[in-house]
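Order of the sequence lines fixes the chain letters, A, B, ..., with proteins taken first and strands second; residue numbering starts at 1 for each chain. All values below come from the heavy atoms of this structure, side chains included, with hydrogens, waters and symmetry mates left out.
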Amino acid sequence: MFVRFLRLSGFKSFAHPTVLELERGINVIVGPNGSGKSNIADGLSWVLGSQAPSSLRGASMEDVIFAGSAERVGLGVAEVELTLDNGSHTLPLDLSEVTISRFADRTGNSEYRINAAPCRLLDVQELLSDAGVGRSLHSLVGQGQLDQVLHAQPLERRAFIEEAA
Amino acid sequence: MFVRFLRLSGFKSFAHPTVLELERGINVIVGPNGSGKSNIADGLSWVLGSQAPSSLRGASMEDVIFAGSAERVGLGVAEVELTLDNGSHTLPLDLSEVTISRFADRTGNSEYRINAAPCRLLDVQELLSDAGVGRSLHSLVGQGQLDQVLHAQPLERRAFIEEAA
Amino acid sequence: IVQVFSEAFEDVAREFEVVFERLFPGGRGRLELSDPQDLLGGGIEIEARPPGKRVKKLSLLSGGERSLVALAFLFAIFRARPSPFYLLDEVEAALDDVNLQRFISLVHELEERAQVLIVTHQKRTMEAADVLYGVTMRADGVSEVIARRMRESRESRESPVLTE
Amino acid sequence: IVQVFSEAFEDVAREFEVVFERLFPGGRGRLELSDPQDLLGGGIEIEARPPGKRVKKLSLLSGGERSLVALAFLFAIFRARPSPFYLLDEVEAALDDVNLQRFISLVHELEERAQVLIVTHQKRTMEAADVLYGVTMRADGVSEVIARRMRESRESRESPVLTE
Ligand SMILES: Nc1ncnc2c1ncn2[C@@H]1O[C@H](COP(=O)(O)OP(=O)(O)OP(=O)(O)O)[C@@H](O)[C@H]1O
Ligand SMILES: Nc1ncnc2c1ncn2[C@@H]1O[C@H](COP(=O)(O)OP(=O)(O)OP(=O)(O)O)[C@@H](O)[C@H]1O
Ligand SMILES: [Mg+2]
Ligand SMILES: [Mg+2]
């Protein structure tokens, strides 16, 4: 089971709908400073249910919505869609593709959908858990996060392992 | 006025007396991870009077003395010597070269010397102040210190400027 | 619960020794419970001894060495409890060329059973890609993905060739 | 005392705008006093607007953009209140190639009146050296300086030639 598509729309600097088609192996993203690479990474962890605005570098959940630029006005909603290839039927669904999406507006509300049907965050987490992705947010290592592993308190490091266990 | 020699002896990983002869322009130090480049930088800020063990990555001042390795025993003293070229007579001394040195043993005591004559830290600081180096420890930017400028509280940033003022 | 953690810790600790030796050949690393008696609430300590050196505080290690120790910890978890997907954003920025190659060989091992998404500025890391994406920010403040290159064949691990 | 700080702040703030524009062409940066009334005890805020973007919290900037903002702050102080000596340890690690060149051109300007000591892993930074030192750690855990190369002439800013 792997990620086939990641689609960002109105998410951070990706004002326009943007689709990445990922491959099974090693996918590498490059580009200049400030171009949007880490924003893609943020989009991925956001659609997987990340709850802390600070882990996405923001002060509030509203910070993930395209805020406009010198030439453009901001948008009112952000959406990220993750399409999983279920060819190996790791997920207990009779579909070859499963799409998870998350949607937020400026009130701070997040909505989740599985295959376009509205659901709760819990449903997404259970689905991912079946897929072995689960609460494995430890497998998403953000920019500058390495040193935190070393600065972390012994109990915080325990939490890393407990999350993966 | 510029730095002509930096000599480290028993300082961190430089167990043997090691001399760097610096030039007037851009001096660049390269080498593998863990080879000792930042240790040289630490030696420089140490001989200029750095007081906080944490700014040299240690828990106590004793951490600057060569602690031994798998094959070698530790040493009992660390010394760093800085030789300034005073050809432009920036310093109010009738010498073309001025040498500042700092010496520490495992009791945690530091001794300072100017041209081999024992003196106090205050004397070193006054001399450097005359040279325009002064308390300009802001002009020594350690590895990983950049982000601290941004994370710093507004008052801490003020301190940067006050120190240089 | 304690059982789950204790098994996980054993597996991670075992992998940590293996991975540490891969990143620090000739060195030795260990994970220890802060309190071996307290399996329910104890924390985890990291002990790192680079080759030829003595065990010291982590704070005295170099920038690159600290990155390697943190990577050893994370990769030990990845290997003990695999995930189908990994995301690594500029984790290798402080590594010199030799250590970068060691890191990349660990990533290749992850890739045998998982999908990996890496953000990088390093040329060698780009060369390890099966597919490469170029991101840019336009003058109007909007990001876009402007390139996608796939390696011609998985066997030839050279620079990806444009296939579109 | 207040006079000294207030003059220094004015000079640094002026230089910050200049340096920011060098590192972010088309962008605009400003230093502000947290409380313009309180010259004795107020702190300093940084406002950064990269080209084409809107002013935002510093936390939303990218890794490289944050490095550039911090460098702009430090270099503003260096230019407003020069020192005869500067030490920079791997400060440019997060910069892409274009930004690295902008950084290096600022270093060349420092060098006109000061001595600079830089630690780096970046090839372009090495190429800017007047003299290059190689450091290594031996198998017995002891560091040594094993090479020293000087540029043949200050005018030819190409790779230093071994002169010993
Ligand atoms: N909500 C938002 N609306 C518009 N732009 C945003 C928003 N959030 C972040 N940005 C912009 O995105 C840019 C940061 O992008 P990102 O962190 O992805 O860069 P990067 O490609 O990872 O760069 P680096 O190589 O320096 O790490 C910043 O310039 C920021 O202003
Ligand atoms: N008191 C000491 N005695 C012996 N070795 C020491 C001492 N203090 C530090 N070291 C060793 O010096 C090494 C760190 O050196 P340093 O920080 O200078 O590396 P570096 O060349 O800057 O590497 P990087 O490129 O990764 O930043 C560590 O391996 C550490 O064990
Ligand atoms: Mg980034
Ligand atoms: Mg270093």
**OP:** Please determine, among B:Pro154, B:Ala159, B:Ala15, the option with the most heavy-atom pairs under 4.5 Å with chain D.
**Re:** B:Pro154
Original post:
How about B:Pro32 and D:Met137: do any of their side-chain heavy atoms sit closer than 4.5 Å?
Top reply: no
**OP:** Below 4.5 Å from any heavy atom of chain B, which atoms of D:Ile77 appear? Answer side chain, backbone, both or neither.
**Re:** side chain
Subject >> Atom pair CG (B:Leu22) and OH (D:Tyr133), whose distance is rounded to the nearest 0.5 Å >> reply: 4.5 Å
**OP:** Please say whether more than 12 non-hydrogen atoms of neighbouring residues, nucleotides or ligands are located less than 6.0 Å from CG in B:Asn109.
**Re:** yes
Original post:
When you check the gap from the basic side-chain N to the acidic O, do B:Glu23 and D:Arg151 get nearer than 4.0 Å?
Top reply: no
Original post:
Can you say whether D:Phe9 sits under 4.5 Å from chain B via the side chain, the backbone, both, or neither, judging by heavy atoms?
Top reply: both
Original post:
Taking every heavy-atom pair that is under 4.5 Å apart, which of D:Gly41, D:Ala8, D:Ala80 has the most such pairs with chain B?
Top reply: D:Gly41
Original post:
Should D:Glu90 and B:Lys37 count as side-chain neighbours, where that means a heavy-atom distance under 4.5 Å?
Top reply: yes
Original post:
Pick from D:Val91, D:Val69, D:Leu31, D:Val4: which one has the most heavy-atom pairs with chain B under 4.5 Å?
Top reply: D:Val91
Subject >> pair B:Phe2-D:Pro84: side-chain heavy atoms closer than 4.5 Å >> reply: no
Original post:
Does B:Ser69 use its side chain to pair, donor to acceptor, with the backbone of D:Asp140 at less than 3.5 Å?
Top reply: yes
Original post:
Which word best sums up how the rings of B:Phe160 and D:Phe73 line up, parallel for under 30°, tilted for 30 to 60°, or perpendicular for over 60°?
Top reply: perpendicular
Original post:
When heavy-atom pairs shorter than 4.5 Å are enumerated against chain B, which of D:Leu33, D:Asp11, D:Leu58, D:Val12 gives the highest number?
Top reply: D:Val12
Subject >> 4.5 Å side-chain heavy-atom contact, B:Asp147 and D:Arg66 >> reply: yes
Original post:
Is chain B contacted by the side chain of D:Ala114, its backbone, both, or neither, given a heavy-atom distance below 4.5 Å?
Top reply: backbone
**OP:** Under 4.5 Å, counting heavy-atom pairs only, tell me which of B:Ile40, B:Asn39, B:Leu20 racks up the most with chain D.
**Re:** B:Leu20
Subject >> Any D:Tyr86 side-chain heavy atom under 4.5 Å of B:Leu140 side chain >> reply: no
**OP:** Evaluate the side-chain proximity of D:Leu87 to B:Val141: yes if any heavy-atom separation is below 4.5 Å, no if none is.
**Re:** no
**OP:** Could you grab the distance from atom CG of B:Asn27 to atom CD1 of D:Ile118, nearest 0.5 Å is fine?
**Re:** 9.0 Å
**OP:** Look at B:Gln148, B:Met1, B:His16 and state which one has the largest set of heavy-atom pairs under 4.5 Å with chain D.
**Re:** B:His16
Subject >> Side chain / backbone / both / neither for B:Glu21 at chain D, heavy atoms under 4.5 Å >> reply: both
Original post:
With no hydrogens and no angle check, is any side-chain donor or acceptor of B:Arg157 less than 3.5 Å from a backbone partner on D:Ile44?
Top reply: yes
**OP:** Could you check if a side-chain atom of D:Phe85 sits within less than 4.5 angstrom of a side-chain atom of B:Leu84, using non-hydrogen atoms only?
**Re:** no
Original post:
So do the side chains of D:Leu132 and B:Val30 get within less than 4.5 Å of each other, counting heavy atoms only?
Top reply: yes
**OP:** Rounded to the nearest 0.5 Å, what's the gap from NZ on B:Lys12 to OG on D:Ser143? Could you check?
**Re:** 10.5 Å
Original post:
Going by atom types alone, do D:Asp89 and B:Ser38 pair a side-chain donor with an acceptor below 3.5 Å?
Top reply: yes
**OP:** Pick whichever of B:Leu150, B:Val149, B:Thr18 has the most heavy-atom pairs under 4.5 Å with chain D.
**Re:** B:Leu150
**OP:** Measure the spacing between CG of D:Leu88 and CD of B:Gln145 and express it to the nearest 0.5 Å.
**Re:** 11.0 Å
Subject >> Rounded distance [0.5 Å steps], CZ in D:Arg138 versus CZ in B:Arg72 >> reply: 6.5 Å
Original post:
For B:Ala165, is it the side chain, the backbone, both, or neither that has a heavy atom closer than 4.5 Å to a heavy atom of chain D?
Top reply: both
Subject >> Value rounded to 0.5 Å, distance of CZ in B:Arg24 from CD in D:Gln115 >> reply: 8.5 Å
**OP:** Go through the atoms of D:Glu144 and report whether side chain, backbone, both or neither lie under 4.5 Å from a heavy atom of chain B.
**Re:** backbone
Original post:
Quick one: what part of D:Thr120 sits under 4.5 Å from any heavy atom of chain B, side chain, backbone, both or neither?
Top reply: both
Original post:
Do other residues, nucleotides or ligands put more than 12 heavy atoms under 6.0 Å from the CG atom of B:Leu122?
Top reply: yes
